[in-house]
Amino acid sequence: MSRGFKIVAFVVWLLLFAWGVSGVFQRLSGGRELANYGSYVPWGLWVSSYIYFIGLSAGAFLLSSMINVFQVKSLKKLGRFSLFVAAITLMMALLSIWFDLGHMGRFYEVFTRPNFSSMMAWMVWLYTAYFILILVELWVEMRIDLAKRASEGGPLAGIYRLLALGYKAPQGEELQVAEAKNVALMRKLGILGIPLAIAFHGGVGALFATLSARPYWHSSIYPILFLTGALVSGGALMLALVSATDLLPGHERRAPIMALLAKIVLGLLAFDLILEFAEFTIPMWYGVGPERDLLMEVLTGRYWYVFWVFHILLGSLIPIILLLWKPAKEWAMGTAGGLIALTFLAVRLNLVIPGQVTPQLKGLESAYVDSRLRFEYVPSLFEWSVVAFIVTLAFALFFLGKKYLPLRVPDTEAV
Amino acid sequence: MTNVPDVQSKAKATPEDRRAFFKSALAKASGLAALFGMSAKAKAEIPRSEVKEFLDPAVDPQVNHLDRMLEDLERALKKPMEQRKWVMVIDLKKCTGCKACTVSCCSENNLPPGVVYRPVVEEEVGTFPDVRKKFTPRPCMHCENPPCTPVCPVKATYKRPDGIVAIDYDVCIGCRYCLSACPYNARTADFGEFYNQDAPEIMDYEKRPNFEYGREWKRDPKDHGSPIGNARKCHFCLHRVENGMLPACATTCLGGATYFGDYNDPTSLVHQLVGSSRMMRLKEELGTEPKVYYLV
């Protein structure tokens with residue numbers, strides 16, 4: 001990366017971060033007056049970005065777990081990196097949904113007085129377990145390298161020692177034994193992690209799907225669609241990050257990894273589009289039924305471009321063309337991955353918002369007039385600024401992690 | 001000058017003068033009534049046959065329905081809570097769409113902007129000249145199987161033994177899952193707004209506390225305490241009902257279209273009304289079993 005590009009990127013980051021900090025300050029001090037969601041569209045950008053980020057996390061995590069469980073040797077180097085991305089995106093998701101709460105200070109009640117009939121309570125408990133598992137997995141993955149760095153000394157040795165939690169770096173033959181132990185342990189943790197990630201992200205889909213009052217959401221395909229979407233977007237994000245960073249150095253080494261990952265993402269994207277086709281065509285094939293108008297609103301309504309331009313054109317067609325046309329080119333794979341991962345927010349917005357834009361009772365839209373009682377929604381700049389804060393914070397953590405954590409799997413461990 | 005009214009002498013009219021005037025007017029009127037073969041008493045009563053389609057047999061026009069409901073309420077309050085079942089009946093033929101219920105509800109509960117418990121849904125049916133307005137007041141349905149309570153992650157909203165679906169304002173985390181789950185859009189979120197928030201001063205009437213669920217809830221623009229940040233909804237004016245008063249909407253309904261009482265009391269007015277052949281409930285097919293009944 002050229003120096004000029006780095007400076008421009010840093011200035012953009014700084015501006016976005018400052019804007020984000022101002023948004024968060026407003027959120028914490030003034031509440032939600034500046035948000036555009038209301039009582040009839042109660043869930044807006046923050047809930048959509050929450051399921052977007054948590055999807056990225058579940059996707060990246062499932063990728064890393066499958067690598068560990070099925071011992072996918074060609075992707076082995078990707079495991080630790082995916083895990084780290086899963087942790088960062090999970091943090092983004094949790095921040096997103098926390099800012100969305102009417103009483104941010106009461107979030108702990110989900111732990112102190114949970115209602116296990118609620119899909120939301122299940123979701124919180126499951127992703128808490130998931131969070132703990134990610135931390136444990138990250139620690140197991142990196143403990144040998146952390147301990148090594150701690151013993152090497154230097155200004156950060158203390159921090160590495162703290163992160164290693166007292167783990168001592170093995171020497172000589174012991175090292176190989178320890179590494180083999182790590183592989184076995186990661187496999188076991190992955191076996192635990194796969195069902196957990198499926199349960200919690202399927203649970204996020206079920207959170208919407210179980211509401212019988214919302215015909216747009218009340219469909220058995222929703223949890224499946226959420227999971228497939230997680231795998232597509234998480235895999236695509238990894239593809240973009242691998243091509244944009246130097247965590248897997250050397251063209252020869254990363255080209256086959258990226259090619260395999262690109263094939264996986266392409267297959268998953270195709271599967272996701274088939275599911276989506278079913279989601280759209282089945283309820284509206286004969287042109288009658290409660291979902292028809294909602295789905296038509298998505299396809300031909302005021303915000304048609306969210307579906308057609310962002311999701312279909314930029315998020316599906318162009319990536320598919322790139323991946324089929326230039327299957328071995330790094331730039332093509334990276335661009336395709338980036339486009340899919342970025343535009344997946346449009347898919348998430350289209351899952352959340354249209355389900356809320358028709359009144360439950362005809363005429364309710366004009367019964368009592370207030371800006372919070374409208375059946376339409378476009379995120380406000382304030383809402384975007386809070387998302388900008390979360391994204392810029394994540395970028396900062398990502399670069400700090402990339403720089404200071406042993407995210408690169410050492411060659412000795414490479415198989 | 002003789003045609004100019006004697007303003008001064010009129011202004012000095014005594015109560016005796018007025019009584020004499022009314023007496024003579026009444027005498028003239030009763031004379032007219034006698035001429036057409038009607039007694040003064042009969043004239044005060046509109047023949048039932050003429051209005052029977054507007055009257056439910058359960059409603060006796062001779063008895064003030066508010067008095068009757070207050071008596072029903074008094075009887076119900078003597079019973080233990082779990083033996084009561086509060087229901088509301090709304091006669092759509094009597095509803096004039098005046099929205100006095102919406103306004104009185106806002107006033108009773110000091111509702112801020114964006115929070116509404118009982119909007120009146122208006123629909124135009126038919127085309128000119130065969131057209132009419134249909135008004136449907138929509139309080140919380142207080143469903144027997146509420147879809148909003150099982151979704152709450154922290155058990156902040158629940159169904160009470162007397163059937164009222166309540167919210168514990170101290171517990172609600174403001175996730176708004178219940179808003180999404182309600183098939184009637186009967187829940188709204190309190191965004192902490194004030195009608196005069198962009199004006200130089202927030203008026204005192206906006207800072208008045210409300211007394212929902214029998215407690216004083218202060219409203220301070222600087223403090224974001226509950227119910228700000230919470231989900232809110234109609235609670236059948238529980239704080240009034242438990243003190244022997246009818247819900248604000250029932251008391252203020254101009255058309256006398258809103259009835260309230262204990263369904264478990266077979267002698268209550270609401271029990272009789274629910275048995276009407278005109279009875280219907282909203283979205284019956286969902287199986288929510290609303291406790292708000294409409295007479296159509």
Side-chain angles (χ1 to χ4, degrees), chain A residues 29-35 37-43 47 97 100-125 207-208 210-215 217 352 355-356 359-373 375, chain B residues 99 102 106 113-116 118-124 134-138 147-158 170-194 197 224-226 228-232 282-283 286-288:
Chain A
S29 59
R32 302 169 297 166
E33 289 93 343
L34 297 166
Y37 54 79
S39 290
Y40 291 161
V41 181
W43 288 343
V47 172
I97 204 65
D100 187 72
L101 289 185
H103 282 284
M104 292 169 69
R106 292 185 188 167
F107 76 93
Y108 66 88
E109 284 178 8
V110 187
F111 301 104
T112 55
R113 42 177 305 150
N115 175 16
F116 283 117
S117 71
S118 166
M119 275 317 298
M120 192 180 282
W122 271 107
M123 193 186 70
V124 174
W125 278 64
L207 182 133
F208 294 89
T210 46
L211 297 182
S212 56
R214 305 274 178 181
W217 293 340
V352 175
Q356 311 172 78
Q360 295 281 15
L361 301 170
K362 200 179 149 212
L364 197 58
E365 66 279 13
S366 52
Y368 192 84
V369 178
D370 189 278
S371 62
R372 302 274 174 216
L373 301 174
F375 287 93
Chain B
K99 304 196 177 183
T102 314
C106 291
V115 177
V116 64
R118 189 180 158 112
V120 178
V121 178
E122 290 187 34
E123 253 188 289
E124 212 170 81
K134 185 184 161 196
F135 304 106
T136 312
R138 202 260 21 238
C148 54
T149 57
V151 304
C152 178
V154 294
K155 299 180 195 158
T157 184
Y158 56 97
D170 286 331
V171 173
C172 172
I173 61 172
C175 69
R176 311 182 303 288
Y177 198 11
C178 54
L179 271 70
S180 290
C182 174
Y184 306 97
N185 280 134
R187 286 170 172 255
T188 47
D190 190 334
F191 281 77
E193 288 169 318
F194 291 83
Q197 63 191 18
H224 290 269
S226 292
I228 292 175
N230 290 19
R232 298 181 69 175
L282 294 179
K283 298 195 180 183
L286 294 178
T288 50

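Convention: sequence-line order gives letters A, B, ...; per-chain numbering from 1.
- Both the backbone and the side chain of Tyr37(A) have a heavy atom closer than 4.5 Å to some heavy atom of chain B.
- Using modelled atom types, no side-chain atom of Asn115(A) and backbone atom of Pro153(B) make a donor-acceptor pair closer than 3.5 Å.
- When every heavy atom of Glu109(A) is checked against every heavy atom of Asp170(B), the shortest pair comes out as OE2-O, 3.9 Å.
- Under the side-chain hydrogen bond (donor to acceptor under 3.5 Å, both in side chains) criterion, Glu193(B) pairs with Arg372(A), not counting sequence neighbours.
- A donor-acceptor pair under 3.5 Å links the side-chain atoms of Lys99(B) to the main chain of Ala367(A), judged by distance alone.
- Just one residue in the list Leu211(A), Val41(A), Val47(A), Leu207(A) forms a side-chain contact (heavy atoms from CB on, under 4.5 Å) with Ser180(B), and that residue is Leu211(A).
- Contact of Thr288(B) with chain A is not made at all, since no heavy-atom distance falls under 4.5 Å.
- Contact detail for Leu286(B) and Ser212(A): the closest heavy-atom pair is CD2-O, 4.5 Å.
- Comparing Asn185(B), Val116(B), Leu282(B) by heavy-atom pairs within less than 4.5 Å of chain A, the highest count is held by Asn185(B).
- For Tyr177(B) and Phe208(A), the ring centers are positioned 6.0 Å apart or more.
- Contacts of Thr210(A) with chain B are made by side-chain atoms alone, with heavy-atom separations under 4.5 Å and no backbone atom involved.
- Between the Ser117(A) side chain and the Pro150(B) main chain, a donor and an acceptor come within less than 3.5 Å of each other.
- Remark: side-chain polar atoms of Lys283(B) are paired, donor with acceptor, to backbone N or O of Gln360(A) under 3.5 angstrom.
- In this structure, Cys106(B) and Tyr368(A) have side chains that are in contact, with non-hydrogen atoms separated by less than 4.5 Å.
- Contact count against chain A (heavy-atom pairs under 4.5 Å) is highest for Cys172(B) among Cys172(B), Pro113(B), Pro147(B).
- Taking Cys178(B) as the reference, Cys148(B), Val151(B), Arg187(B), Ala231(B) meet the side-chain contact (heavy atoms from CB on, under 4.5 Å) condition, with sequence neighbours excluded.
- Among all heavy-atom pairs drawn from Arg106(A) and Ile173(B), the shortest one is O-CG2, 3.3 Å.
- Contact of Arg113(A) with chain B is made through backbone and side chain together, with heavy-atom distances under 4.5 Å.
- When all heavy atoms of Leu364(A) and Pro119(B) are compared, the pair lying nearest together is CD1-CG, 4.0 Å.
- Surrounding CH2 of Trp43(A) are more than 12 heavy atoms belonging to other residues, nucleotides or ligands, all under 6.0 Å away.
- Looking at Trp217(A), only its side chain comes within 4.5 Å of chain B, counting heavy atoms on both sides.
- Here the closest heavy-atom approach between residue Ala181(B) and residue Ala213(A) is recorded as O-CB, 3.2 Å.
- With a 4.5 Å cut-off on non-hydrogen atoms, Ile228(B) touches chain A through its backbone but not through its side chain.
- Nearest heavy-atom pair, Cys175(B) versus Asp100(A), reported as atom, atom and distance to 0.1 Å: O-OD2, 4.4 Å.
- Between Thr136(B) and Leu361(A) there is no side-chain heavy-atom pair separated by less than 4.5 Å.
- Here the side chains of Leu373(A) and Thr188(B) are in contact, with some heavy-atom distance below 4.5 Å.
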